[in-house]
Amino acid sequence: MQKANYITREGYLALDRELKYLWKEERPKVTQAVSDAAALGDRSENAEYIYGKRRLREIDRRVRFLTKRLETLTIIEPDPRQEGKVFFGAWVKLEDESGELHIYRIVGADEFDPKKNWISINSPVARALIGHKIDDEISVLTPNGKTYYVIVDISYQKIR
């Protein structure tokens, strides 16, 4: 199964902000701290120097990753023709077999966040939801067996 390189505009802007912050603010501060620590002399036992160099490597690794990743991502904007069906970027309210409600937003793999109930387009739940409409029943294969949900609401604005 091919992984989608989709992202919402908000997700793309968040990654871009992180890249700019690391490159224009964080890296220059750490570089200056390493330079100051190096000026103190013996670098082999200089904790500030050793930590600073390690932090610079972490920043550089993340900057390289973000730069390459932002080039490969495709920003997906909601289309009015999608209304009534589940597609990328949708907020979906589901009811499980026990009557419990779950609200998820389908987002890209780079922006999923369980605390916000944002699930990746590549997740089994999202894959099962794509293309369905309100009152459709979906089944998701989980480690505990099949779980069934009914789609209660679909929106491209946050559902409360």
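Shown are I7, L19, D110; of these, the side chain to side chain contact (heavy atoms under 4.5 Å, CB included) with R69 is made only by D110.
Residues V34 and T31 are not in side-chain contact: their nearest non-hydrogen atoms beyond the backbone lie 4.5 Å or more apart. Residues I106 and I130 are in side-chain contact: their nearest non-hydrogen atoms beyond the backbone lie under 4.5 Å apart. R105 has its side chain within reach of T8: a pair of non-hydrogen atoms, C-beta onward, lies under 4.5 Å apart. The shortest distance between side-chain heavy atoms of F112 and V107 falls below 4.5 Å. The shortest side-chain heavy-atom distance between L94 and V150 does not fall under the 4.5 Å cut-off.
Qualifying salt bridge (charged side-chain N to carboxylate O under 4.0 Å, His left out) partners for E25, counting only residues two or more places apart in sequence or in other chains: none. Applying the salt bridge (charged side-chain N to carboxylate O under 4.0 Å, His left out) criterion to D60, with sequence neighbours excluded, gives R27. Scored by the salt bridge (charged side-chain N to carboxylate O under 4.0 Å, His left out) test, D79 finds R81 as partners (sequence neighbours excluded). Contacts of F88 classified as ring pair (Phe, Tyr, Trp, His ring centres under 6.0 Å), with partners at least two apart in sequence or in another chain: Y6. For E58, the side-chain hydrogen bond (donor to acceptor under 3.5 Å, both in side chains) test picks out R55, with sequence neighbours left out.
Using a cutoff of 4.0 Å between basic side-chain nitrogens and carboxylate oxygens, E26 and R62 are not scored as salt-bridged.
Within the structure, side chain to side chain donor-acceptor pair (under 3.5 Å) contacts touching residues 139-150 (residues at least two apart or in different chains) do not occur.
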